[in-house]
Amino acid sequence: MRARIDRYQPSEIEPRWQARWDELGLHRADLADTTRPKFYLLTMYAYPSGDLHIGHWYITTPTDAIARFHRMHAENVFMPIGFDAFGLPAENAAIKNRVNPRTWTMKSIDKMRVQLRSMGASFDWSAEVITCEPDYYRWNQWLFLEFLKAGLAYRKKSAVDWCPNDGTLAREQVEGTDRHCWRCGAKVEKRELDQWYLRVTRYADELLDFNGLGWPDPIRIMQTNWIGRSEGAEVTFTTAPSAHHAGGEPLGVFTTRPDTLFGATFMVLAPEHPLLGALTAPERKAEVEAYLTQAAARTEIDRLAADREKTGVALGADAINPVNQARIPIFVADYVLGSYGTGAIMAVPAHDERDFDFATRFGLPIIKVVMPSDGDPDAALTSAFVEHSADEVLVNSGPFSGRPAADAFGEIVAWLEQHDAGKPTVTYRLRDWGFSRQRFWGTPIPVIHCERCGIVPVPAADLPVLLPENVDYAGSGVNPLTRDLAFLNVTCPSCGGPAQRESDTMDTFMDSSWYWFRYLSPHKDDGPIDPAMVARWTPVDQYTGGAEHAVMHLLYAREVTKMMRDIGLVEQGEPFLRLFNQGQILGADGERMSKSRGNVQDPDDLVARYGADTIRLFLMFMGPWDQGGSWSPTGIGGVHRFLNRVWTLALDPQGLEGGDPDSGKLPAGEDRAAAERSIRMAAHRTLRAVTEEYTGFRFNTMVAHLMELANTLFRYRGSEVANGPAWDEAIRLLLLMLAPATPHVADELWNRLRAEAGLPESTIHRESWPAVDDTATAAELREVPIQVNGKVRDRITVPAGIDQAELERLVLARDRVREVLGGRTPDRVIHAGGRLVNLVVRES
RNA sequence: GCCGAAGUGGCGGAAUGGCAGACGCGGCGGACUUAAAAUCCGCUGUCCGCAAGGGCGUUCGAGUUCGAAUCUCGACUUCGGCACCA
């Protein structure tokens, strides 16, 4: 009997190796080193919610494998981590317990640091950034003041959801169709507030350009649609005189279909339109106001829902169409948004679904102005005609009747320009960034309101504007800064008179919109970034993070980078060269993991039971990384078993333990040399596949390939080739391939084998990624499936280099093929690049 | 509703125009054991058949193709985002 080997005990191995890697400084990037190619690997930093759940592991551990894979390619890898530490959850916890959110946040961070380390993730902790620390958020303030100076920030009135007890509410804090406050249940109102905006629409066109970026198509499409560029025209209608109104005011509408201008039969203003009051006839006032109240209670999603029945109210006023002087009635309806275009539309029911619905509902005329060239201009429409094909012509359009629709667009716009009644315009769905939050737990916006001087920026020398330490939440969500007189009352930096600080804080998306620059010089105290480091290390080479950030965070990050470029701070306008969005891990119930749902999987328990390596590998093995899925621990045992099998292969190649009846023998038909060739072929084919899978982030199939290799090696365990040169090479490759994914057990086995060979300790994570030996992977024979009419009926084994004619001859000579053909001759023979032969015969 | 994605055995999934179900879980059987656990080996889509073999089968319905899980069109279901959750 053999000597007993140690059992695989992750709880002993993992902390030991984590400490060893720390001692070696393995994960510290040398930012000044220019001798190796740099690789800036960024994963979305964590929100310190208090507990790391399995979703954090799902994001982090494959990213760590990427880092380690790149280090094995002699790259200088920088993989920092930090905490996105401002935000509502801390504030909510603070309100509940009436404590400073800082206390709650810092406690969470301390816990999460320990958990993150337990993953064995190779973060460079020396670069850690915590956004709620003054040495980070002072630079938010600094950047804001620079944006202000550059005209990129401005103030505008806009509406927020407002609870009389809790102040401004986030969308998720408004509940139910009756729209009540989640905390106190009060009815939610809209309130107009002066707020800060960042002029990100300036970058709309530039943001549409993804040239040179390796971003997934779906994300690019979503961002493109979010930006929503529409080419069209602004058309100036005029208000008609009426009993209550002098008329004659210009009233601009935006349309993407100026070619349908003659079909406009009414006009619709958004409930937010500034001219509403002036245009409404006295007898309609009550009805219109009631409608506005109703509209204010609706969400934008609800307002835009195409299947909702259209609502609206006539104002009792008309507008005059510049092309034909037609008087059309003006309505207010909530399917038009104040924030888009001019907040007013000309309604062409014949050629727009929404206008068609509205016209049908309100009995308004529908005039057809575009139709196929062979159409009937008088036939009634049963739905809006919105086709865009080459052979359409205008009808009922005065001098433009008969013109091809494609040309009419330009011709009518030209006519409008000549008559000073309109111009070509591009409109975007993208809006400027509403930047103000009526919250405590964020970066104070560094401006002072002075009665005499107006808005005065806080002088750079006075930054940071610190959040007070003693906060009184009074049990409500109203920003305690608004009650903190010591914070609010200041002297005006400009005139020295009494003045008040702004109590609003910044959207926390600001924090996450430049943090990767700060990682490069986290402690720099005379500027937000280190230009030399930024020039050398950015853009980020690879960014990884959840797909739920597809639009917002990833767009804000691009916008802020461009703003930083425009104030001369950085050179490039794009932050992330390559992007990979993982799917989300949902709870076992298929819902998003959250404490309130009680479906959070705590990884600490799993680590205690299986070790970090097993969990890392299991998360990679679960399925494609971009797909996520419901959490289920089913199958984790299989991955753990695999690591145990690797352990056994490495330390006990000769073992006869276990009841394998074939143990000790070579597989049938193989001699020693054939067995060694088989082992080498398996190992090098696996290496080739695994290298490709790591490169393409296909971790699930990467793991499957490694499992297959282990299964192959088990067939030879205990035989005369076990522990031979081919075997030893295969084990060595197996460990190197595992090193990025399961770093602890790979290093442990690597070093146990080194010790057996009398070599000193040397971490596997400083080894180079091995090269494939092409001579080992080439096969002499190949199996080719034979189909008859697309169904596999036989298979044939042929020499690898066989030519088509010879293959066809062998195929047709097969008994089985002749039997299936039953005397028929194939009409066609398809050779699918040597992978398959398909014999096509006519069915009798 | 709009934008994006996904739907394949009992389960997670593989195959992205060429052998459907790799790999793993679960299940069944065997070896080892006084026994159990652990470990090792084998079988495992479904129906018909003693077998050889055959039929059916990738959410549903049409289509393109010698050949479709994969491409096209139309539905259904689920997930992500929709601008104050991060």
Side-chain angles (χ1 to χ4, degrees), chain A residues 7 44 46-47 49 84 86-89 92 160-161 168-174 216-219 221-226 228 299-308 339 429-431 433-434 436-439 507-509 512 546-553 555-556 581 583-584 586 590 592 594 618 621-624 626-630 632-639 641-642 644-645 648 655 657-663 700-701 703-708 711 714-715 717 783-787 789-792 795 826-833 835-841:
Chain A
R7 293 201 29 210
M44 290 179 189
Y47 180 81
S49 58
D84 184 16
F86 275 137
L88 270 186
N92 292 332
V160 296
D161 286 323
T168 304
L169 298 183
R171 200 175 57 128
E172 61 164 14
Q173 298 179 327
V174 179
D217 282 341
I219 307 288
I221 293 165
M222 275 189 269
Q223 293 206 348
T224 301
N225 292 339
W226 181 270
T299 64
E300 209 165 278
I301 293 175
D302 188 21
R303 280 172 61 170
L304 292 175
D307 63 345
R308 196 180 121 238
S339 55
R429 211 184 70 96
L430 181 71
R431 306 200 287 253
W433 178 2
S436 301
R437 296 292 181 271
Q438 293 76 49
R439 308 278 177 207
D507 183 355
T508 55
F509 272 120
S512 52
E548 66 274 22
H549 297 288
V551 177
M552 301 198 60
H553 159 59
L555 206 51
Y556 286 129
N581 283 132
Q584 250 180 311
L586 305 171
R592 225 170 132 155
S594 72
F618 176 62
F621 184 57
M622 265 178 50
D626 58 356
Q627 241 143 73
S630 301
S632 161
T634 313
I636 196 166
V639 171
R641 193 169 302 137
F642 164 68
N644 265 303
R645 281 163 72 82
T648 306
E657 186 182 282
D660 178 1
D662 295 325
S663 186
N700 56 330
T701 44
V703 177
H705 288 299
L706 292 177
M707 287 174 164
E708 279 182 282
N711 291 345
F714 253 90
R715 287 213 292 276
R717 179 171 173 247
E783 192 181 59
V784 178
I786 301 166
Q787 294 184 335
N789 287 344
K791 291 197 161 135
V792 178
R795 38 191 79 238
D827 301 298
R828 267 176 84 182
V829 179
I830 312 271
H831 291 266
R835 291 188 304 280
L836 164 145
V837 173
N838 187 14
L839 308 174
V840 184
V841 292

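Chain letters run A, B, ... following the sequence lines, proteins first and then strands; every chain starts at 1. Model, not experiment: these values are computed from the prediction.
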[N] and [M]: how far apart are their [atom1] atoms, nearest whole angstrom?
| N | M | atom1 | result |
| --- | --- | --- | --- |
| B:G7 | B:U58 | C1' | 9 Å |
| B:G61 | B:G49 | C1' | 33 Å |
| B:U8 | B:A22 | C1' | 13 Å |

For a quick check of understanding: with a heavy-atom distance under 4.0 Å over all strands, which category does [X] fall into, base, sugar-phosphate or nothing?
| X | result |
| --- | --- |
| A:I301 | base |
| A:V703 | nothing |
| A:F509 | base |
| A:N225 | sugar-phosphate |
| A:T634 | sugar-phosphate |
| A:W226 | base |

Got a donor-acceptor pair under 3.5 Å from the side chain of [X] to the base of [N]?
| X | N | answer |
| --- | --- | --- |
| A:D507 | B:C84 | no |
| A:R795 | B:C19 | yes |
| A:R439 | B:C84 | yes |
| A:Q438 | B:C84 | yes |

Across all strands, who's sitting opposite [N] as a Watson-Crick or G-U wobble pair, both distances under 3.5 Å?
| N | result |
| --- | --- |
| B:A62 | B:U72 |
| B:C43 | B:G27 |
| B:G80 | B:C3 |

From NE2 of A:H549 across to C1' of B:C82 the rounded distance in Å is 15 Å
- Item | Check ion pair A:E300-A:R429 (N to O, under 4.0 angstrom) | no
